[in-house]
Amino acid sequence: MSKSKPPGLPPAIFLMGPTATGKTDLAIELCQALPCDIISVDSALIYKGMDIGTAKPTASEQAQAPHRLIDILDPTQSYSVAEFRRDALQAMSEISAQGRIPLLVGGTMMYYKALVDGLSPLPPSDKAIRAQLESQAAEQGWQVLHNELARIDPVAAERIHPNDPQRLIRALEVYHLTNQSMTELQKTKSDPIPYSLSQFSIVPQDRAVLHSRIAQRFETMLEQGFQTEVEQLRARGDLHLDLPSMRCVGYRQMWLYLDGQFEHKELLEKGIAATRQLAKRQLTWLRGWEKIHTLDTFAKDNLTNVIKLSKLQL
RNA sequence: GGCGGAAUGGCAGAAUGGCUAUGCAGCGGAUUGCAAAUCCGUGGAUCUCGGUUCGACUCCGGGUUCCGCCU
């Protein structure tokens, strides 16, 4: 073990990137070359029974390289960034303790963000308060809630748009739960991540190529029985479109298709478009990301480069 | 071949003489316990040639293409 960094922080590797760019393949190669253990950073792979539509690593891929934080929840459940951060840090410390390197792989960029930068001591969500705020909005309109937020937390109201129910509810919820404004609480932040990070993203250089890979992959999912997978989830009877799991890209569109909301041709269009939009948002996160090495999906020397660039910080 | 109808942005689709809708897709951005979520912003069009008119997506004529019906 080499140790060139005075603080002696253990190493960790991040492999980020939009959907359909080859993260899993490279991660498995890395595991064969370095003493790495994979931690999934993906808000959809956490769900059991959602395999085809999430492009979950196959059984044989997982046999080659076990992934942590996959299949940890039932689709009726929900997860959160804070839970992810807790679970990921736990897994990272276990891996490091064994003298191995945590390799974080996935595309849920807010999870990475929270992991690297930490979170503020905000309270967890509260179902009852959310339900109450939502019914208030249904009666009085979201503008009323926004006005209320402007009174208790003008700074947050400034940046949260009145049409953004998710953030509006969260900001009000925080206040109701703590009697302090979100802005006040966000002045405190948890410690930075105690690892020496090597961060990579993998992306095809040409957007058109990314788009065609996305289209191809969605069609492959259909061939692999994606419709049946969603039919089975529907048949359980306890799932619905308001659950985070069923709002995942592809699942939502398939659900609506099975409801008879549109034709098969539109399913294809809408599923692919939703995936492209996801990729675009992921690219937006990546564009401003600090200390990142960008790899090209089609480069032949990605493995070599990751090893070389990671060692610089080991 | 004849008759009728239609041609508007990548797609769908309004506007019948004077402010060039709108939706979807695309593109850019935001992002602190649902994030594969949620939200914000945004370029781009009247098939072609001529005519009428102060002014044409709109009215008239020629052409082209498409659709339907008939022979």
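Chain letters run A, B, ... following the sequence lines, proteins first and then strands; every chain starts at 1. All of these numbers come straight from a predicted model, not from anything done at the bench.
At the heavy-atom level, A:T54 lies under 4.0 Å from base atoms of the strands shown. Using a 4.0 Å heavy-atom criterion, one finds that A:Y79 contacts the sugar-phosphate atoms exclusively. In this structure, A:Q277 reaches the sugar-phosphate backbone alone: every heavy-atom distance under 4.0 Å involves primed, P, OP1 or OP2 atoms, never a base. Within 4.0 Å of A:T284, counting heavy atoms only, lies at least one base atom of the nucleic acid. Looking at heavy-atom distances under 4.0 Å, A:A114 makes no contact with the nucleic acid at all. As judged by a 4.0 angstrom heavy-atom cut-off over every strand, A:K113 is placed among residues making no nucleic acid contact. No contact: A:E83 has no heavy atom under 4.0 Å from any strand.
With values rounded to the nearest 0.5 angstrom, A:D71 atom CG is found 8.5 Å from A:T54 atom OG1.
Residues A:K56 and A:D51 are paired through a salt bridge, judged by an N-O separation under 4.0 Å between the basic side chain and the carboxylate. Using a 4.0 Å cut-off between charged nitrogen and carboxylate oxygen, A:K23 and A:D42 do not count as a salt-bridge pair. Ion pairing between a basic and an acidic side chain is recognised when a charged N comes within 4.0 Å of a carboxylate O; A:R170 and A:E173 show such pairing. Taking a cutoff of 4.0 Å between a charged side-chain nitrogen and a carboxylate oxygen, A:R236 and A:D74 qualify as a salt bridge.
Judged by distance alone, the side chains of A:Q136 and A:Q132 never bring a donor and an acceptor atom under 3.5 Å apart.
Contact check of residues 248-271 of chain A against RNA chain B (heavy atom, cut-off under 4.0 Å) returns A:C248, A:V249, A:R252. Near-neighbour residues of RNA chain B inside residues 117-131 of chain A, defined by a heavy atom below 4.0 Å, number-ordered: A:L119, A:S120, A:L122, A:P124, A:S125, A:R130. For the segment residues 163-183 of chain A, residues with any heavy atom less than 4.0 angstrom from an atom of RNA chain B are, sorted by number, A:N163, A:D164, A:P165, A:Q166, A:R167, A:R170, A:M182.
Think of the region where chain A sits on RNA chain B: with heavy atoms and a 4.0 Å cut, that region ends 5' and 3' at B:A25 to B:C40.
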Go ahead and write out RNA chain B as dot-bracket, 5' to 3': ( ) for pairs within the strand, [ ] for ones crossing earlier pairs, | when the partner sits on another strand, dots for unpaired; Watson-Crick or G-U wobble, both distances under 3.5 Å.
(((((((..(((.....[...))).(((((.......)))))....(((((..]....)))))))))))).
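Within the 4.5 Å cutoff, no side-chain heavy atoms of A:S201 are placed close to those of A:W285. In this structure, the side chains of A:L104 and A:I38 stay at 4.5 Å or more apart for every pair of heavy atoms.
Among residues at least two apart or in separate chains, ring-ring contact (aromatic ring centres under 6.0 Å, His included) pairs with a member in residues 105-131 of chain A are A:F14-A:Y112, A:F84-A:Y111.
Around atom CD of A:Q32, more than 12 heavy atoms belonging to other residues, nucleotides or ligands sit under 6.0 Å away. A:Q98 CD: more than 12 foreign heavy atoms inside a 6.0 Å radius.
With RNA chain B read from its 5' end, the first of the two nearest nucleotides for A:G53 and A:R207 is the one closest to A:R207. In this structure, A:H211 and A:D42 both approach RNA chain B, and ranking their closest nucleotides by distance from the 5' end singles out A:H211.
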